[in-house]
Amino acid sequence: MAKNIQAIRGMNDCSPTESPLWQWIENKVRNVLAGYGYSEVRMPIVESTPLFARAIGEVTDVVSKEMYTFWDNDEQLTLRPEGTAGCVRAAIERGWIYNNEQRLWYMGPMFRHERPQKGRYRQFHQAGVEIFGIPNPEIDAELIILTARLWKELGIDQHVSLQLNSIGSLEARANYRSALVKFLENYTALMNDEEKERLVKNPLRILDTKNQALQEVLNDAPRLLDYLDDDSREHFTQLCSLLDAMGIAYEVNPKLVRGLDYYNKTVFEWVTSALGSQGTVCGGGRYDGLVEQLGGHATQGVGFAMGLERLVLLVQEVNKEISLPKAVDVYVVYSGEGATLNAFQIAEQIRSELPQLRVMTHCSGGNFKKQFKRADKVEAQIALVIGESEVAEQKVVVKDLQSGAEQVTIAQADLISELTKRF
């Protein structure tokens with residue numbers, strides 16, 4: 001017997017029982033974004049490898065350790081590990097942002113070769129937003145307000161909190177980096193090999209270390225907020241004032257830097273304590289220099305990304321009131337001469353005139369008992385019964401499978417009206 005082929009570790013299937021929750025969450029995301037006037041874009045999942053090296057930074061963990069990269073003839077390609085770089089590439093290439101503002105969103109799979117664990121996978125899914133051409137802190141505030149609205153829509157708003165910081169300009173970070181390295185060089189004995197490597201290549205990433213002893217030392221480290229340039233400080237002050245006025249609670253976290261090199265000024269994360277160590281639900285910030293860095297005209301940018309796997313886990317954990325739509329509203333059972341054609345005709349009429357209803361035709365043969373068993377299994381609300389007598393008299397039996405109400409027989413001509421009343 002041939003050995004079964006299994007899914008690659010960290011790349012998961014989504015079963016028919018799981019997909020309704022995914023669809024519910026995805027639709028909530030789409031509806032909130034549409035309510036703010038954002039437009040969907042779709043980018044390839046494969047991009048030229050130098051795109052990510054230039055955008056994310058060659059010394060980041062993502063580029064140096066986690067990307068799925070391969071050669072296609074003489075070109076090196078990578079499965080996208082995040083969405084911002086590809087969206088910026090598309091915006092430059094297609095001319096979407098030349099002297100033009102854009103508010104864009106996307107949704108789809110991303111890929112990182114890291115150790116799979118709860119809420120963290122090698123193929124994972126993100127919804128992301130990218131805004132181009134708006135320098136004002138008002139748009140930073142709108143992104144945060146938008147996500148706060150989404151948490152309410154998903155019923156998780158009491159279980160997430162906002163952390164906020166400003167990492168300033170490139171020059172401000174360079175000055176801060178020097179001060180931080182000078183401070184940390186006194187504590188290399190507390191560092192593991194990875195942290196020592198970060199001290200040389202990307203010292204700001206040490207700020208979010210999980211090393212408890214090092215975290216305690218960092219409480220006395222220089223603060224990035226003290227090194228901000230005047231423009232970044234004013235931008236952050238205005239952002240905080242807007243959030244205060246809109247009633248959005250936040251914590252200024254001076255250790256929050258995000259993991260990618262392209263950020264500047266505002267950075268933020270929505271975090272939760274309900275998922276153990278995988279606490280970041282959504283993160284983003286400004287990247288005003290990225291478009292120019294990738295070859296476009298100087299254009300401000302700001303955005304965020306949220307992991308859908310973690311949203312699914314969080315909704316399952318804390319929103320017990322969620323009511324997902326049934327897979328089937330109307331189940332059509334039939335048997336006898338002429339019943340098959342009549343059942344198909346009725347099912348198609350319902351789909352045409354009441355497209356909001358989910359209609360399933362049995363198609364599997366068997367007696368009525370077997371067909372009703374299947375209707376119960378798919379949790380259908382209504383069964384329509386068509387036998388030889390119903391075909392001859394142009395009638396249909398309507399049976400409510402959930403309430404136990406007495407079934408009724410009506411003319412097929414009245415079926416649409418009857419279903420309209422019931423749904």
Participant: Which atom pair, heavy atoms only, marks the closest approach of Ala274 to Leu314?
Facilitator: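 Smallest heavy-atom distance, with atoms named: CB-CD1, 3.7 Å.
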Participant: Do Asp229 side-chain atoms and Ser169 backbone N/O form a donor-acceptor pair below 3.5 Å?
Facilitator: yes
Participant: For Arg358, is the CZ atom crowded, meaning more than 12 foreign heavy atoms sit under 6.0 Å from it?
Facilitator: yes
Participant: State plainly whether the residues Asp230 and Arg233 are in salt-bridge range, i.e. N to O under 4.0 Å.
Facilitator: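 Yes, Asp230 and Arg233 are salt-bridged.
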Participant: Can you tell me how far apart CZ (Phe52) and CD (Glu47) are? Round to the nearest 0.5 Å.
Facilitator: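 Reported value, rounded in 0.5 Å steps: 5.0 Å.
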Participant: Spell out, as yes or no, whether a donor-acceptor pair under 3.5 Å connects the side chain of Asp140 to the backbone of Arg286.
Facilitator: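 Side chain of Asp140 to backbone of Arg286: no pair is present.
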Participant: Do Leu354 and Asp329 have side chains that approach each other closer than 4.5 Å (heavy atoms only, starting at C-beta)?
Facilitator: no
Participant: Should we count NZ of Lys182 as having more than 12 external heavy atoms under 6.0 Å?
Facilitator: no
Participant: Is Phe372 close to Val385 at the side-chain level, that is, under 4.5 Å between some pair of heavy atoms?
Facilitator: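 They are in contact (side-chain heavy atoms under 4.5 Å apart), so the answer is yes.
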Participant: Please check this pair: side chain of Thr272 against backbone of His159, looking for a donor-acceptor N/O pair closer than 3.5 Å.
Facilitator: yes
Participant: Working to the nearest 0.5 angstrom, can you tell me the gap between Thr78 OG1 and Ile56 CD1?
Facilitator: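 The OG1 atom of Thr78 sits 9.0 Å away from the CD1 atom of Ile56.
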Participant: If you take all heavy atoms of Arg30 and Trp105, which pair is closest and at what distance?
Facilitator: CG-CH2, 3.5 Å
Participant: Step by step, would you call Glu309 with Asn12 a side-chain contact (heavy atoms from CB on, under 4.5 Å)?
Facilitator: CA-CA 11 Å; Glu309 279 83 359; Asn12 299 336; over 6 Å; no
Participant: Answer yes or no: is there a donor N or O on one side and an acceptor on the other, between the side chain of Arg80 and the main chain of Met43, under 3.5 Å?
Facilitator: yes
Participant: Rounded to the nearest 0.5 Å, how far does CG of Leu104 lie from OH of Tyr38?
Facilitator: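 It comes to 10.0 Å.
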Participant: So which heavy atom on Glu292 is nearest to which on Ala298, and how close?
Facilitator: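 The answer is OE1-CB, 3.7 Å.
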Participant: Measuring from Tyr187:OH to Leu214:CG, what's the distance to the nearest 0.5 Å?
Facilitator: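 The CG atom of Leu214 is 10.0 Å from OH of Tyr187, to the nearest 0.5 Å.
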Participant: For the pair Arg103 (side chain) and Gly37 (backbone), establish whether a donor and an acceptor sit closer than 3.5 Å, ignoring hydrogens and angles.
Facilitator: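 Such a contact is absent between Arg103 side chain and Gly37 backbone.
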Participant: Got Trp24 and Leu154 here, is their nearest side-chain heavy-atom distance under 4.5 Å?
Facilitator: yes
Participant: For atom CG of Asp193, is the number of surrounding heavy atoms from other residues, nucleotides or ligands below 6.0 Å larger than 12?
Facilitator: no
Participant: Of the non-hydrogen atoms in Val217 and Phe183, which two are nearest, and what is the gap between them?
Facilitator: O-CZ, 3.5 Å
Participant: If you draw a 6.0 Å radius around CD in Glu406, do more than 12 non-hydrogen atoms from other residues or ligands fall strictly inside?
Facilitator: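 Atom CD in Glu406 is not crowded, with 12 or fewer foreign heavy atoms closer than 6.0 Å.
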Participant: Determine whether Thr299 and Ile92 make a side-chain contact, defined as any pair of heavy atoms from C-beta on separated by less than 4.5 Å.
Facilitator: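 Result no, sub-4.5 Å side-chain heavy-atom pair not found.
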Participant: May I ask you to check whether over 12 heavy atoms, not counting those of Lys196, lie within 6.0 Å of atom NZ?
Facilitator: yes
Participant: If you define the side chain from C-beta out and look only at heavy atoms, does anything of Asn264 sit under 4.5 Å from Leu170?
Facilitator: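 Of all side-chain heavy-atom pairs linking Leu170 with Asn264, none is under 4.5 Å.
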Participant: Are the side chain of Asn211 and the backbone of Leu190 linked by a donor-acceptor contact shorter than 3.5 Å?
Facilitator: yes
Participant: With a 3.5 Å distance limit and no angle check, can you tell me whether Glu75 reaches the backbone of Asp72 through a side-chain donor-acceptor pair?
Facilitator: no
Participant: Evaluate the side-chain proximity of Val281 to Val271: yes if any heavy-atom separation is below 4.5 Å, no if none is.
Facilitator: no
Participant: Do the side chains of Glu195 and Arg198 get close enough for a salt bridge, i.e. N-O under 4.0 angstrom?
Facilitator: no
Participant: Determine the minimum heavy-atom distance between Trp270 and Val160, stating which atoms define it.
Facilitator: CE3-CG2, 3.9 Å
Participant: Answer yes or no: does atom CZ of Phe423 have more than 12 heavy-atom neighbours from other residues, nucleotides or ligands under 6.0 Å?
Facilitator: yes
Participant: For Met11, look at atom CE and say whether over 12 heavy atoms of other residues, nucleotides or ligands are found less than 6.0 Å away.
Facilitator: yes
Participant: If only side-chain N and O atoms count, and only distance matters, is there a donor-acceptor pair under 3.5 Å linking Glu130 with Tyr106?
Facilitator: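 Yes.
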Participant: Please check: side-chain N/O of Ser15 versus main-chain N/O of Glu18, any donor-acceptor pairing under 3.5 Å?
Facilitator: yes
Participant: Which word best sums up how the rings of Tyr68 and His113 line up, parallel for under 30°, tilted for 30 to 60°, or perpendicular for over 60°?
Facilitator: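 Ring orientation, 0 to 90° scale: perpendicular.
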Participant: Is Tyr334 reaching over with its side chain to a backbone N or O of Cys363, donor-acceptor style, under 3.5 angstrom?
Facilitator: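 Such a contact is found between Tyr334 side chain and Cys363 backbone.
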Participant: Nearest 0.5 Å, what's the CG-NZ distance between Leu401 and Lys326?
Facilitator: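 Answer for the CG-NZ pair, Leu401 versus Lys326, is 11.5 Å.
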Participant: Which atom pair, heavy atoms only, marks the closest approach of Leu184 to Ile206?
Facilitator: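 Answer, listing the atom of Leu184 first, then Ile206: CD1-CD1, 3.9 Å.
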Participant: To the nearest 0.5 Å, how far apart are CD in Gln381 and CG in Leu357?
Facilitator: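 Those atoms lie 10.5 Å apart.
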Participant: So with a 6.0 Å cut-off around CG of Leu324, is the heavy-atom count from everything else above 12?
Facilitator: yes
Participant: Would you find a donor on one side and an acceptor on the other, under 3.5 Å apart, between the side chain of Gln123 and the backbone of Met110?
Facilitator: no
Participant: If we only count heavy atoms from C-beta on, is the Leu256 to Leu164 side-chain gap below 4.5 Å?
Facilitator: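 The answer is no; the side chains never approach within 4.5 Å.
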Participant: Between Asn219, Leu224, Thr209, Asn165, which is the residue that forms a side chain to side chain contact (heavy atoms under 4.5 Å, CB included) with Lys255?
Facilitator: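 Of the listed residues Asn219, Leu224, Thr209, Asn165, the side chain to side chain contact (heavy atoms under 4.5 Å, CB included) partner of Lys255 is Asn219.
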Participant: Would you say Gln345 and Gln349 are linked by a side-chain donor-acceptor pair, where the criterion is simply a distance under 3.5 Å?
Facilitator: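 Gln349 vs Gln345: no donor-acceptor pair found between side chains.
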